[in-house]
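The next block holds one structure in the form of structure tokens; read it before the comments.
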Amino acid sequence: MSDSADFVPPMPTPAWRPPTALGGLLRARRDVLSIFPADAYRRQVMTTRLPGRMILVANTPEVVRDVFVTKHATYQRKSRFLEDALRPVIGGSSFIAWGDDWVARRAAISPPIHPSGIAQFHWAYVQAAEETAEILARAEGPVDVAAAFATGITRVLLLSVFGPGVPRDEAAIIAETFTAYQDAAEVVDLFGLMGLPDMLGWLTRRRAGRLAAALRGRVARLLETAGEGTPLLAALRAALSGDALLDEVVMFLLAGAEGAAITLTWTAMLAALHPATADRMADELPAAPPDYADLAGFTFTRAVIQESMRLYPPVAVFARQALKPDRIRRWDVREGDIVLAVPWLLHRHEQLWEAPHAFRPERFLGDAPRQRPRFAYLPFGIGPRICAGAAFGMAEVSVFAAILFRRFRFAIAPGFTPRPNCRLALRPKGGMRLVVSAR
């Protein structure tokens, strides 16, 4: 799409020099993207040394493969600050488990959402997308589509787990509470990274803990009243029970909704900022809700979604801690050091992508995807810990896109400026306020 080649959607302006170690940590607590200087988009490895700890960024496909695939056993554990941020709400779920515990939990959750069985959830994708379309059609004035899509995608997951009898208002309550939890959670353990005792953590943990307890309590009550539920719930119950079952259902509802809703949000922003793309998607999409078999034919729409995930990867940073000493290129890594892969940087790396900050859906058309290194594009994770629900997520986003971008035009609300902000996930700061009108 030649007319999109020079369109650069919103991103933070990189600083010309990196921040100090302490300054970077302070800024990362508010927005991880703010710490990356201009040369981070062309470096291969970057390091920061703190008292008693090193943080290393693997910023080339070869190093990413070496660390996260070849040496998975050494780097399989998520970073301590990510574990601490998420454990109150998702417990010891497969998202943060490691070792034999992760193997057992992954074996329980993967079969029910295997790509070969995704068609069984298509009814839930369509129902939730239609409900979202009804809400958008009734809206007067600008709409925060980030909140609307979070509710809609959470609705998909609730229907998939608990069936059509699950109360419709549960989706909005769960989505809003998880958004509040992310705002309250401490995503960078400043004192821990500096080797100091945690003196102020209780201030953030208190509010985050209340929100986490509310979320887990709500899902626990749904499990208690679900009856037989769906085949997905039956499969999970056959493999798990007690807190382990609750952990995985909460993780499925929250982590599962997060990535898809964020992808829809940024895709809607791109459609609003580049109307020619929106029109081309609408021309490709059917007037009626799609059948599952139709999804494979949405070639351009899928390319737009994939380019959206390149520019705005829902999980912009993957953080792991070394379980034993290692060496990465010329750097000695000690047990407990933090190693990062940063899709935000890899997806915009100057040596991997032409015009890396520009919006170009054609990067994902025809043979183009086969022309780049395998680990240059990481929308769903890396190696053995790649997202188990990747096919599920792409299918639901495709159905929502087919229904919403065929029926509606999106425009940026007057006075609103989209701003990417990364804490636990890459969300738009202050939501995404768009004007929605019928085509």
Side-chain angles (χ1 to χ4, degrees), residues 7-15 26-36 85-86 89 132 135-136 138-155 171-188 203-204 207-208 210-211 215 254-255 257-274 278 308-317 343-344 347-348 357 359 397 400 404-405 408-437:
F7 166 50
V8 177
M11 65 173 288
T13 301
L26 289 170
R27 287 161 61 179
R29 297 176 78 188
R30 299 187 299 272
D31 177 19
V32 174
L33 304 185
S34 69
I35 69 174
F36 299 125
L86 291 175
V89 68
T132 303
I135 292 170
L136 295 180
R138 294 196 304 266
E140 298 180 2
V143 177
D144 180 5
V145 298
F149 294 159
T151 296
I153 296 294
T154 302
R155 175 72 168 153
I173 296 170
I174 290 173
E176 290 167 6
T177 307
F178 189 48
T179 295
Y181 177 83
Q182 291 198 56
D183 290 341
E186 182 61 79
V187 298
V188 176
L203 292 171
T204 54
R207 180 166 183 263
R210 288 197 298 265
L211 292 165
L215 276 169
L254 302 184
E258 185 76 351
I262 289 172
T263 296
L264 276 170
T265 297
W266 292 116
T267 305
M269 180 205 72
L270 292 167
L273 291 171
H274 201 270
S308 174
M309 289 190 290
R310 183 189 73 85
L311 290 168
Y312 302 101
V315 180
V317 178
W344 174 268
H347 291 186
R348 295 167 177 265
H357 304 302
F359 172 59
V397 170
F400 270 69
L404 300 180
F405 296 127
F408 300 107
R409 296 184 186 277
F410 295 88
I412 303 296
F416 177 76
T417 301
R419 292 174 55 198
N421 181 265
C422 181
R423 298 186 78 245
L424 286 173
L426 183 55
R427 293 179 166 216
K429 188 172 182 62
M432 183 66 70
R433 296 185 61 78
L434 302 182
V435 176
V436 184
S437 58

N/O donor to acceptor pairs below 3.5 angstrom from side-chain atoms of residues 263-270, sequence neighbours left out:
unit_1	atom_1	unit_2	atom_2	d
T263	OG1	G259	O	2.9
T265	OG1	A261	O	2.8
W266	NE1	L426	O	3.0
T267	OG1	T263	O	2.7
T267	OG1	S308	OG	3.0

Measuring from atom [atom1] of [X] to atom [atom2] of [Y], what distance do you get when rounded to the nearest 0.5 angstrom?
X	Y	atom1	atom2	answer
T154	L254	OG1	CG	7.5 Å
R310	H357	CZ	NE2	9.0 Å
L434	F410	CG	CZ	7.0 Å
L273	F7	CG	CZ	4.5 Å

request  = Identify whether NZ of Lys or CZ of Arg in R348 sits under 6.0 Å from the centre of the six-membered ring of Y312 and within 45° of that ring's axis.
outcome  =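 Yes; both conditions hold, so R348 lies above the ring face of Y312.
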Within a strict 4.5 Å, meaning less than it, do heavy atoms of the [X] and [Y] side chains meet?
X	Y	answer
L33	N421	no
T132	T151	no
P12	W344	yes

Output side-chain donor-acceptor pairs under 3.5 Å for residues 142-150, partner residues at least two apart or in another chain, one line each.
unit_1	atom_1	unit_2	atom_2	d
D144	OD1	A146	N	3.1
D144	OD1	M432	N	2.9

Do you know which two heavy atoms are closest between [X] and [Y], and how far apart they sit?
X	Y	value
A85	L424	CB-CD2, 3.9 Å
P10	P418	CB-O, 3.6 Å
R423	D183	NH1-O, 3.6 Å
A425	I262	CB-CD1, 3.6 Å
P343	A316	CD-O, 3.0 Å
F416	G430	CE1-O, 4.4 Å

task = Would you confirm whether R409, through its side chain, and S437, through its main-chain N or O, come within 3.5 Å as a donor-acceptor pair?
result =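 No; zero donor-acceptor contacts below 3.5 Å.
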task = Scan residues 258-273 for pairs that pass salt bridge (Lys or Arg N to Asp or Glu O under 4.0 Å), counting only residues two or more places apart or in two chains.
result =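 Counting only pairs at least two positions apart or across chains, the salt bridge (Lys or Arg N to Asp or Glu O under 4.0 Å) contacts touching residues 258-273 are E258-R427.
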